Peer 1: 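Would you mind keeping the following structure in view while I ask a few things?
All of these numbers come straight from a predicted model, not from anything done at the bench. Lettering follows sequence order; numbering is per chain, from 1.
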Protein chains: 2
Amino acid sequence: MKVRVLVRLKPGVLDPQGRAVHHALEGLGFAGVEDVRIGRMIELDVADGTDPATLTEMCEKLLANTVIENFTIETGDNI
Amino acid sequence: MKVRVLVRLKPGVLDPQGRAVHHALEGLGFAGVEDVRIGRMIELDVADGTDPATLTEMCEKLLANTVIENFTIETGDNI
């Protein structure tokens with residue numbers, strides 16, 4: 001079963017990597033970019049029927065730093 | 001307009017970060033994980049009506065290294 005975990009910095013947490021990319025896009029001449037935030041995507045291939053609670057535990061224990069990051073777990077055919 | 005760019009290593013490109021996470025999950029006692037791949041998520045806030053071709057150009061010029069990475073661009077209300 002394919003699972004996609006998206007990890008983002010919480011709102012209000014400074015994202016210097018995002019600012020650098022924003023600045024670089026403007027330097028390349030791309031106008032109209034208002035904000036850029038960089039996060040992580042973790043794609044897991046887990047056993048079918050893995051409990052969603054187990055996936056949440058994986059995120060809380062390892063995949064995300066919940067002090068400064070939020071995570072969302074996506075499963076299904078559209079990923 | 002919110003845009004989400006997902007950048008993944010191409011199939012066949014070694015992903016040491018993913019292997020490390022895989023190994024760590026097993027060490028924490030999570031069984032049944034078959035594969036882990038790590039990618040980047042870039043969330044952009046761009047002007048409404050930005051041409052999809054412009055977004056593709058941003059990815060090719062800056063956001064992804066197309067020698068070793070693939071990218072997908074997602075727009076719409078579900079992101």
Peer 1: Give the member of A:G18, A:G32, A:A24, A:G39 that has the highest number of heavy-atom pairs under 4.5 Å with chain B.
Peer 2: A:G39
Peer 1: Given a strict heavy-atom distance threshold of 4.5 Å, which part of B:L28 is in contact with chain A: side chain, backbone, both, or neither?
Peer 2: side chain
Peer 1: Give a yes or no on whether B:L9 and B:V67 share a hydrophobic cluster (residues Ile, Leu, Val, Met, Phe, Trp, Tyr; joining criterion: side-chain heavy atoms under 4.5 Å apart).
Peer 2: yes
Peer 1: For residues B:I38 and B:I42: do they belong to one hydrophobic cluster (side chain heavy atoms under 4.5 Å, members Ile, Leu, Val, Met, Phe, Trp, Tyr)?
Peer 2: no
Peer 1: Give every donor-acceptor pair between chain A and chain B closer than 3.5 Å, one pair per line, or write none.
Peer 2:
unit_1 : atom_1 : unit_2 : atom_2 : d
A:R8   : NE     : B:E43  : OE1    : 3.2
A:R8   : NE     : B:E43  : OE2    : 2.9
A:R8   : NH2    : B:E43  : OE2    : 3.0
A:G32  : O      : B:A47  : N      : 2.9
A:E34  : N      : B:D45  : O      : 2.6
A:D35  : N      : B:D45  : O      : 3.3
A:D35  : O      : B:D45  : N      : 2.8
A:R37  : N      : B:E43  : O      : 2.9
A:R37  : O      : B:E43  : N      : 2.8
A:G39  : N      : B:M41  : O      : 2.6
A:G39  : O      : B:M41  : N      : 2.9
A:M41  : N      : B:G39  : O      : 2.9
A:M41  : O      : B:G39  : N      : 2.6
A:E43  : N      : B:R37  : O      : 2.8
A:E43  : O      : B:R37  : N      : 2.9
A:E43  : OE1    : B:R8   : NE     : 3.2
A:E43  : OE2    : B:R8   : NE     : 3.0
A:E43  : OE2    : B:R8   : NH2    : 3.0
A:D45  : N      : B:D35  : O      : 2.8
A:D45  : O      : B:E34  : N      : 2.6
A:D45  : O      : B:D35  : N      : 3.3
A:A47  : N      : B:G32  : O      : 3.0

Peer 1: Identify which of B:V21, B:L6, B:V5, B:V3 forms the greatest number of heavy-atom pairs closer than 4.5 Å to chain A.
Peer 2: B:L6
Peer 1: Non-hydrogen atoms of chain A under 4.5 Å away: do they reach the side chain of B:V7, the backbone, both or neither?
Peer 2: backbone
Peer 1: Under a single-linkage definition using a 4.5 Å side-chain heavy-atom cutoff for Ile, Leu, Val, Met, Phe, Trp and Tyr, are A:V46 and A:M41 assigned to the same hydrophobic cluster?
Peer 2: no
Peer 1: What distance separates A:F71 CZ from A:L63 CG, expressed to the nearest 0.5 Å?
Peer 2: 8.5 Å
Peer 1: Is the shortest heavy-atom distance from the side chain of B:I73 to the side chain of B:P52 under 4.5 Å?
Peer 2: no
Peer 1: Enter the distance from A:L25:CG to B:L44:CG here, rounded to the nearest 0.5 Å.
Peer 2: 6.5 Å
